[in-house]
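Positions are given from 1, in the same order as the sequence printed here. All values below come from the heavy atoms of this structure, side chains included, with hydrogens, waters and symmetry mates left out.
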Amino acid sequence: MSESDPLFRISSAEANQWWRESTPAGAILNKLIILFILVPIALVLKSFYALSFAIFALMVPYGLLVRHLAVRAVRDHLQKHPEEREQFEQAGIIS
């Protein structure tokens, strides 16, 4: 299975949930999104409005990056363990 395998489509939301639940890296990267909420609040309280806005604005690109990494993690996992493809289909991660 290559990255351009047209035989299945990966749901980024479901892939992200699987990645978050099955790997430490996925769990940590998903929990870091909370910092994009808490840090700007703390910066506003310290009157660093522009920096607060800049960090808050990076939340969406970070979320997209995490989902992209989750899809790549699913592809890599399926490449190493093709026997689990049916489980991923039943879970709705791939179709």
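- The CZ atom of R85 sits 12.5 Å away from atom CD1 of I93, with the distance rounded to the nearest 0.5 Å.
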Could you give the side-chain donor-acceptor pairs of residues 42-70 under 3.5 Å, partners two or more places apart or in another chain?
from : atom 1 : to  : atom 2 : distance (Å)
S52  : OG     : P40 : O      : 2.9
Y62  : OH     : L29 : O      : 2.7

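- Annotation: side chain to side chain donor-acceptor pair (under 3.5 Å) contacts involving residues 30-41, sequence neighbours excluded, comprise N16-N30.
- By the side chain to side chain donor-acceptor pair (under 3.5 Å) test, E21 pairs with Q17, sequence neighbours left out.
- The side chain to side chain donor-acceptor pair (under 3.5 Å) check on T23 picks up W19, with sequence neighbours excluded.
- Screening residues 73-95 for ring pair (Phe, Tyr, Trp, His ring centres under 6.0 Å), with sequence neighbours left out, gives W18-H77, W18-F88, H77-H81, H77-F88.
- In terms of the side chain to side chain donor-acceptor pair (under 3.5 Å) criterion, E14 has no residue partners (sequence neighbours excluded).
- Shown here are the salt bridge (charged side-chain N to carboxylate O under 4.0 Å, His left out) partners of E84, two or more places apart in sequence or in another chain: there are none.
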